[in-house]
Student: 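Before I ask anything, let me first share the structure, which is written out below as structure tokens.
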There are 2 protein chains.
Amino acid sequence: MVGIDDVARQAGVSTATVSRALSGNGHVSPATRLRVETVAGELGYVVSSNASSLASGRMKNIGVVVPFLDRWFFSNVVEGAQKALLRGGFDLTLYSLAGDYDERRSVFEHFLLRQRVDAVIAVSLELNPDEVARLHALEKPLVGIGGPIAGVRTLTIDDVAVARLATEHLLALGHTRIAHIGGNLELDLDFHLPTNRRLGYELALTGAGITPPPALFQAADFTVRGGYQAAKQLLGNPHERPSAIFAASDEMAIGSILAARDLGLVVPRDVSVVGTDDHELADFFGLTTIAQFPQWQGEKAVEILLDELQPGKHDPVELDTAIPFDLIVRSSTARPPQG
Amino acid sequence: MVGIDDVARQAGVSTATVSRALSGNGHVSPATRLRVETVAGELGYVVSSNASSLASGRMKNIGVVVPFLDRWFFSNVVEGAQKALLRGGFDLTLYSLAGDYDERRSVFEHFLLRQRVDAVIAVSLELNPDEVARLHALEKPLVGIGGPIAGVRTLTIDDVAVARLATEHLLALGHTRIAHIGGNLELDLDFHLPTNRRLGYELALTGAGITPPPALFQAADFTVRGGYQAAKQLLGNPHERPSAIFAASDEMAIGSILAARDLGLVVPRDVSVVGTDDHELADFFGLTTIAQFPQWQGEKAVEILLDELQPGKHDPVELDTAIPFDLIVRSSTARPPQG
DNA sequence: CTGAAAGCGCTAACAC
DNA sequence: GTGTTAGCGCTTTCAG
């Protein structure tokens, strides 16, 4: 393995100069820098990150903790973070908890503490005070996605406003019997996303002078299958069949479209459907939805962190950053049957 | 930050003993070990991975390189690898190339070389000789998933056999006009998966005395939309409509099912469909498919690597490991219309 | 079974 | 702008 002193010798300078030239910290004359870079290139020298980290205290590595990886939202957040990190020369150490409590414990009590990361991004994880305390004890920056978390900077989406926007789209089209497929209670643990979306839905309705009918609410598990079953219940009801459905995830919305088809209903002629996410399949199904840009979220979290890692950083002013969202109208929504 | 000497002092032993007690390398009396462990626990001591790695040369970290992350197959491989690594106390550093050539270069020429990983797993990446050479120069173990790669140990699935099995399932049911939706040529770069699956399909047909009709082949891009379009072409043909479709991915198979429905055809009464993958949605659509267990693949790759990293390792005997696969029969396949 | 001490390869004061 | 030098926090011979 070629080391820094091989380069120093070849270039006729000291190791300190090599370090400075290659890292950009400290001043080096352009000529020397060029020579050093050339020699380093020829020799194929790459700094040993361990030695460098040990000496400098900087790891050039950030930890990303996600509850699952094989879901559209999370893999996209990670992909966005990865891209931004690569650009900054940082590595990304991934911790996917896979819903396992023991794994979560071991990650927070052991893995994250071994001084391997400069900062951590926690995605959709409602950190408990103990977890936050451990992380803070490390004096490493931490940002959450999906907050708010007490005492932690977070990127947060306004779920109430998201749901409201989706529902208002339907109201504006003239729908009055609007159903909602939300999350079930187990999923409410992290940040009450289901509750907040339901709240936004209800606010929109009451704002339009409509009392949210309990019969038009169904809980599901955010999957296609769950949405399918819930929509069957809703659309099969002989008395109060809704003319529109707002689903708290695109997968459930897609399930709803499939359920409608299986019942012989045509979307959007007989029933309008709007989802939430802008999942990769949304476009194929012509699904109207609220986009929430997970890749952007990952990139933004990295940006905040890298910025904070810059030397001479004042305390960050803003504690919370709002995640943007957008209504994307496709072909699953239209005016209701009778105009 | 509590360091090893804090623990040593508290426990009344030397730092060497603490190191031995906590790492398990070298002998320590049970009594001492217990005392050290207790003190370390009380103090909340966690080794600094940098210092440890620098001194020992072991990183307890492996790099996983994937072409994309937001696809069912890759995120599941990573999830499997993650689980196995966590168990072994290893970190997982992720490099998702996102199909970007510059990123790929920078990962192979820079990131992977900074001595941060003990080994690397390359998923569905046909490493070029230069990339392999760099990695070998590091003297780090390397395993590929999806091989074969010249000079690299790989986990390989027998794509020919997979396709053959799928096709034979259809033949056994009595189908004779069997179409195939395979990959297009751009996707053939890595390991010729599309070509091999097509080959297996053709072998099965000729084995049954049927000449593969060129009109019954369509190329697509492995997505639902691509499968949908391809199936429309196949099923819309007024003269040679196939009674069954074998798709090289579940997403394309699902697209085919949707296309059939849109044409008013009933699956499996009018047309049978079999996919490849056992994607999470396969079950919902009742899709008959060939499962290929991506999580298992990730775990297995880790297992091979961790085994090799054990001190005193002889050269690995087997160069290639076969990935298991299984026909899963659901409700998308049945005998053809006329029996 | 345990301790002393020499590094691992680099960075960061501090001089010049 | 550049060299000298003292560590960074651990692991690992080598003694005992």
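Values in this document were obtained by computation on a predicted structure and should not be read as measured data.
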Student: Base, sugar-phosphate alone, or nothing: which one does B:Ser23 contact when heavy atoms must sit under 4.0 Å apart?
Tutor: nothing

Student: For A:Asp5 and C:dG7, give me the distance from atom CG to atom P, rounded to whole Å.
Tutor: 14 Å

Student: Rounded to the nearest 0.5 Å, what separates atom CZ in A:Arg134 from atom CG in A:Leu127?
Tutor: 12.5 Å

Student: For A:Ala51 and for A:Gly57, locate the closest nucleotide of DNA chain C by heavy-atom distance; then report the residue assigned to the nucleotide nearer the 5' terminus.
Tutor: A:Ala51

Student: Would you kindly check whether a donor in the side chain of B:Arg20 faces an acceptor in the base of C:dG3, or vice versa, at under 3.5 angstrom?
Tutor: yes

Student: Quick one: do B:Arg104 and B:Glu131 make a salt bridge, cutoff under 4.0 Å?
Tutor: yes

Student: Which is true for A:Ser53 with a 4.0 Å heavy-atom rule: it touches a base, it touches only sugar-phosphate, or it touches nothing?
Tutor: nothing

Student: Rounded off to whole Å, could you give me the CG-to-C1' distance for the A:Leu54 and C:dC8 pair?
Tutor: 9 Å

Student: At what distance, to the nearest 0.5 angstrom, does CD of A:Glu103 lie from CD of B:Gln82?
Tutor: 7.0 Å

Student: Looking for any heavy atom pair under 4.0 Å, which part of the strands does B:Arg58 touch: base, sugar-phosphate only, or nothing?
Tutor: sugar-phosphate

Student: Let me know the distance between CZ of B:Arg9 and C1' of D:dG9, rounded to the nearest Å.
Tutor: 13 Å

Student: Between D:dG1 and A:Ser29, is there an OP1 or OP2 to side-chain N/O distance shorter than 4.0 Å?
Tutor: no

Student: When rounded to the nearest 0.5 angstrom, what is the spacing between CG in A:Leu113 and OH in B:Tyr45?
Tutor: 12.5 Å

Student: If you pin A:Ala16 and B:Val47 to their nearest nucleotides in DNA chain D, which one's is more 5'?
Tutor: A:Ala16

Student: Please give, in whole Å, the distance from D:dG9 C1' to A:Met59 CE?
Tutor: 11 Å

Student: Does B:Thr15 put a side-chain nitrogen or oxygen below 4.0 Å from OP1 or OP2 of D:dG9?
Tutor: no

Student: Between A:Arg33 (CZ) and D:dG1 (P), how many Å, whole number?
Tutor: 10 Å

Student: Within this structure, what is the CG-to-P distance between A:Leu22 and C:dC10, rounded to whole angstrom?
Tutor: 10 Å

Student: If you only use heavy atoms from C-beta on, which nucleotide in C:dT11, C:dT2, D:dT11 is closest to the side chain of A:Ala55?
Tutor: C:dT11

Student: Out of B:Val143, B:Leu155, B:Leu305, which one pairs with B:Lys300 under the side chain to side chain contact (heavy atoms under 4.5 Å, CB included) rule?
Tutor: B:Leu155

Student: What's the closest nucleotide to the side chain of A:Ser52 if the choices are C:dC10, C:dG3, D:dT11?
Tutor: C:dC10

Student: For a quick check of understanding: with a heavy-atom distance under 4.0 Å over all strands, which category does A:Val13 fall into, base, sugar-phosphate or nothing?
Tutor: sugar-phosphate

Student: Nearest-Å distance, OH (B:Tyr45) to C1' (D:dG9)?
Tutor: 7 Å

Student: Starting at the 5' end of DNA chain C and moving along, which residue's nearest nucleotide shows up first, A:Ser19 or B:His27?
Tutor: B:His27

Student: Could you tell me whether the side chain of A:Ser49 and the main chain of B:Arg114 form a donor-acceptor pair under 3.5 Å?
Tutor: yes

Student: Expressed as a whole number of angstroms, how long is the span from A:Ile4:CD1 to C:dA12:P?
Tutor: 11 Å

Student: Is any side-chain nitrogen or oxygen of A:Ser48 closer than 4.0 Å to OP1 or OP2 of C:dG9?
Tutor: no

